[in-house]
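Data block below; observations after.
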Amino acid sequence: MTGADKSHNIDFTKTQLGVLLGIIFLAVDAINPVKIFMHVFPAVAPWHIAFVCIALSSYIWIAEFKELLYFSVKIFFHSILSIFFRDVEIVGRDKLPRHGPMIFSVNHANQFMDAVMVVATCHHKVSYLMAETSWRRRIIGDIAWAMDVVPVKRAQDGAKKGAGKVVFTEQDYENTKLLSVEGVETRFTEELAKGDKIRPVGTAAAVKITEVVDDKTLLVDGSDIPEEEVEPIFGKKEAADFDILKRVDQKVVYEKVLDRLAEGGCVGIFPEGGSHDRTDLLPLKVGVALIAYSALEKDGLNVPIVPVGLNYFRTHRWRGRAVVEYGEPIYIDPSTLNAYKAGGTEKRQACNDLIDRIADSMRSVIVSAPDYDSLQIIHTARRLFQRRGLKGAEKQELARRFAEGYKMLMLMTKGDPPEAWLDLQRRLIAYQTELRELGIRDYQVPGMGREKATPVEASEGDEILKEIRLPYQIVHLLIVLMLAALPTLFLNLPVGILAGIYSESRRKKALAKSKVKVRGFDVMMTEKIVFCMVAIPSLWIFYGLLMYIFTDFDGPTIALCILSFPLFAYTGIIVSEAGMVDIKDLRPYYMRLFPSARRRLQALPEVRKELQVDMRSFIKRVGPALGEIYYGKELDWAQIQEKSRKSSFQFNHSDSMQAVKDAEEVKKDK
């Protein structure tokens with residue numbers, strides 16, 4: 001346990017002891033301070049003391065309203081996490097500075113739940129930047145106001161389709177990063193101005209206009225275009241539709257944020273600009289770098305930028321799991337401040353360098369992969385490779401090693417891995433597919449192998465345990481179902497079904513509007529929680545009305561029933577979760593009723609064992625080439641990410657240069 005955690009626990013212990021001591025004083029008249037005071041001063045009536053206390057309480061509430069409101073919302077967030085998540089593990093919280101201003105740079109993988117995660121797991125008070133469109137939503141906007149959030153108007157929220165179509169043509173891109181835009185039936189002078197942005201269909205990357213030449217010609221700055229989109233998106237020779245993003249002045253927002261930092265406050269920023277369900281970071285916006293440099297320039301504050309990695313498992317489903325990882329803070333190199341002050345190209349370069357460092361630090365606290373299929377393979381390989389008894393943080397570390405090793409091997413083989421690797425990958429995919437089709441989990445497969453043990457291999461105790469396992473699971477499931485039936489049926493199930501339908505409709509709408517989402521799972525948990533915040537109290541009130549109309553319960557009895565609903569509902573959730581585990585454990589027994597599935601289940605343990613042996617053998621063979629990722633015990637992941645980024649850039653750049661040379665050779669031959 002870290003020093004900060006111990007201090008937090010001691011504070012909580014003091015609070016508990018204080019409350020218990022107060023109850024003792026109130027329970028025993030001989031030591032009750034109020035009773036003693038009134039005994040010494042008979043002229044003082046009980047209502048005199050009550051009036052003074054009410055007046056003082058009102059003054060405290062008014063004077064500290066925002067702080068108390070933040071604390072209340074934080075308690076509410078803790079209850080949300082305990083209800084909707086099975087486990088939330090915190091890693092690296094001891095790396096946070098104990099005092100002073102901070103900028104939390106957070107990946108955006110689960111919409112508004114991301115902010116809830118950081119607020120609930122961090123001991124500091126954090127104010128966020130939030131899109132103005134979200135700020136205007138009821139419930140979410142109300143909570144944001146209570147959390148002292150700063151609304152930000154985003155250019156993409158007001159995007160509109162431009163007239164005509166455009167073609168991007170290179171304009172000495174390698175040196176100046178300028179692109180020329182040729183329009184077809186466009187009205188550039190009417191619709192656009194310098195500082196606005198345009199965004200071609202098929203990408204989230206927008207380019208800033210540096211000059212509007214005429215109705216058919218623009219010059220744009222391509223510095224912010226991701227390397228992987230230069231050719232496929234902006235290198236197309238056919239005309240494409242485009243969106244217009246008008247320039248937004250964020251001066252007021254920056255002033256508010258700088259004031260918070262100058263006062264020693266903490267600010268949370270999602271530099272990707274919007275939530276998504278991709279397996280890697282989106283290109284970071286420059287705003288976080290501008291804020292950090294502005295604080296150093298105006299107030300002399302070299303504010304630590306703390307990367308926060310939010311890693312979700314089954315992010316869109318009830319009772320998922322999350323790992324919140326805080327990384328090492330990074331600081332601006334003071335020697336780069338002059339370049340920032342110089343403006344122009346030097347300022348842009350200083351900000352871009354800081355953005356690259358922030359992106360590296362953010363990737364150091366998440367598990368990133370090129371795509372979803374690769375991420376699934378990485379996690380399957382990690383499960384087969386790992387030993388038993390690993391904690392969540394250790395699994396996270398191992399998964400990150402696999403992810404970075406995967407990228408390094410792809411670079412080392414120039415995207416053309418050897419046949420042995422491809423064969424192992426195909427077997428991993430086949431194993432994943434088999435598990436999915438049979439509806440079982442990887443952790444259940446070794447148990448099937450143990451059940452096949454011969455009497456010689458198994459002890460008498462093992463035989464007895466094997467015989468009673470299935471009856472025990474069935475009896476346990478029946479008991480659990482009986483305990484969970486009423487609260488689940490009447491309190492949880494109606495809301496759960498309706499929340500699922502509502503979140504699915506919101507997911508489809510968000511996916512249709514987004515340029516970056518893959519499946520839109522990042523919005524589902526937030527929408528479920530927002531729906532439940534309205535539906536659950538409404539359902540309780542409805543049941544209260546039914547009791548009032550159709551029963552002879554008096555008011556206190558009905559009130560007690562309604563106040564008991566939260567306890568019954570939470571009990572139903574926990575017991576139902578245990579029941580779902582039992583159902584999953586019984587799945588292999590059920591599948592054995594079908595002959596074809598029985599044969600496949602019998603083959604799985606041996607398939608897994610062979611895969612495990614081959615996987616470990618492959619890692620042992622290629623591991624030494626990976627260097628510190630294979631050998632190192634304590635790794636500087638930010639530094640590793642920086643090396644990976646530079647290696648990837650050099651690889652892509654060399655490929656691009658080779659393509660240019662090949663094109664020139666073709667021209668010469670012609």
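Just so it is clear, the values below take in all heavy atoms, side chains as well, and ignore hydrogens, waters and symmetry mates.
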Looking at [X] and [Y], does any basic side-chain N land under 4.0 Å from a carboxylate oxygen?
X: Lys509; Y: Glu504; result: no
X: Glu527; Y: Arg137; result: yes
X: Arg278; Y: Glu272; result: no
X: Lys95; Y: Glu325; result: no

Who are the side chain to side chain contact (heavy atoms under 4.5 Å, CB included) partners of [X], not counting sequence neighbours?
X: Asp373; result: Asp371
X: Glu634; result: none
X: Ile536; result: Val495, Cys532, Trp540
X: Phe594; result: Tyr590, Ala597

Rounded distance (nearest 0.5 Å) linking atom [atom1] of [X] with atom [atom2] of [Y]:
X: Ile83; Y: Arg319; atom1: CD1; atom2: CZ; value: 9.0 Å
X: Glu642; Y: Ser364; atom1: CD; atom2: OG; value: 11.5 Å
X: Asn311; Y: Glu89; atom1: CG; atom2: CD; value: 10.5 Å
X: Met412; Y: Lys407; atom1: CE; atom2: NZ; value: 15.5 Å
X: Lys161; Y: Arg199; atom1: NZ; atom2: CZ; value: 12.5 Å
X: His78; Y: Leu81; atom1: NE2; atom2: CG; value: 7.5 Å

Does a side-chain heavy-atom distance below 4.5 Å link [X] with [Y]?
X: Phe313; Y: Val323; result: yes
X: Val306; Y: Glu328; result: no
X: Asp442; Y: Leu384; result: yes
X: Leu435; Y: Arg441; result: no
X: Trp318; Y: Ile573; result: no
X: Tyr431; Y: Val445; result: yes
X: Asp360; Y: Ile640; result: no
X: Glu404; Y: Ser368; result: yes

Judged by atom type as modelled, is there a donor-acceptor pair below 3.5 Å linking the side chain of [X] to the main-chain atoms of [Y]?
X: Asp280; Y: Pro370; result: no
X: Arg86; Y: Gly320; result: no
X: Arg321; Y: Val88; result: no
X: Arg382; Y: Ala403; result: no

Subject >> side-chain hydrogen bond (donor to acceptor under 3.5 Å, both in side chains) between Thr380 and Gln432, intermediate numbers included >> reply: CA-CA 8 Å; Thr380 302; Gln432 285 177 338; 2.6 Å; yes
**OP:** Tell me, please, which residues at least two apart from Glu434 pass salt bridge (Lys or Arg N to Asp or Glu O under 4.0 Å).
**Re:**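 Here the qualifying residues are Arg600.
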Quick one: list whatever passes ring pair (Phe, Tyr, Trp, His ring centres under 6.0 Å) with [X], sequence neighbours left out.
X: Tyr326; result: none
X: Phe521; result: His316
X: Phe85; result: none

Original post:
Where do Glu606 and Lys609 land on the salt bridge (charged side-chain N to carboxylate O under 4.0 Å, His left out) test, with the steps shown first?
Top reply: CA-CA 5 Å; Glu606 192 62 30; Lys609 187 176 180 180; 5.4 Å; no
Subject >> Qualifying residue, where the test is side-chain contact (heavy atoms from CB on, under 4.5 Å) with Met524 and the options are Arg507, Arg506, Arg519 >> reply: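 Considering Arg507, Arg506, Arg519, a side-chain contact (heavy atoms from CB on, under 4.5 Å) with Met524 is found only for Arg507.
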**OP:** Might you point out which heavy atoms bring Met117 and Ala322 nearest each other, and give the distance in Å?
**Re:**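 Looking at all heavy atoms of both residues, the closest pair is CE-CB, 3.6 Å.
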**OP:** Over all heavy atoms of both residues, which pair between Gln396 and Val365 is shortest? Give the atoms and the distance, please.
**Re:**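 Taking Gln396 first and Val365 second, the nearest heavy atoms are NE2-O, 4.0 Å.
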Original post:
Run the side-chain contact (heavy atoms from CB on, under 4.5 Å) check on Arg426 and Leu422 step by step: do they pass?
Top reply: CA-CA 6 Å; Arg426 283 192 289 266; Leu422 294 176; 3.8 Å; yes
Original post:
What pairs with Asp241 under side-chain hydrogen bond (donor to acceptor under 3.5 Å, both in side chains), at least two apart in sequence or on another chain?
Top reply: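 Result, side-chain hydrogen bond (donor to acceptor under 3.5 Å, both in side chains) vs Asp241: none returned.
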**OP:** Would you please name every residue forming a side-chain hydrogen bond (donor to acceptor under 3.5 Å, both in side chains) with Tyr502, sequence neighbours left out?
**Re:**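 If we apply the side-chain hydrogen bond (donor to acceptor under 3.5 Å, both in side chains) test to Tyr502, skipping adjacent residues, there are no hits.
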Original post:
Would Arg363 count as a cation-pi partner of Trp637, with NZ or CZ less than 6.0 Å from the six-membered ring centre and within 45° of the ring normal?
Top reply: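 The answer is no, since Arg363 fails at least one limit relative to Trp637.
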Original post:
Can you pull the ring-ring contact (aromatic ring centres under 6.0 Å, His included) pairs that have at least one residue in residues 369-397, sequence neighbours excluded?
Top reply: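 Passing the test, one end in residues 369-397: Phe385-Phe402.
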Original post:
Can we call the ring centroids of Phe568 and Phe490 under 6.0 Å apart?
Top reply: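 For Phe568 and Phe490, the ring centres are not under 6.0 Å apart.
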Without placing hydrogens or testing angles, list every side-chain donor-acceptor pair under 3.5 Å for residues 105-112, not counting sequence neighbours.
unit_1	atom_1	unit_2	atom_2	d
Asn107	OD1	Leu310	N	2.7
Asn107	ND2	Leu310	O	3.1
His108	ND1	Asp114	OD2	2.7
Asn110	ND2	Thr315	OG1	3.1

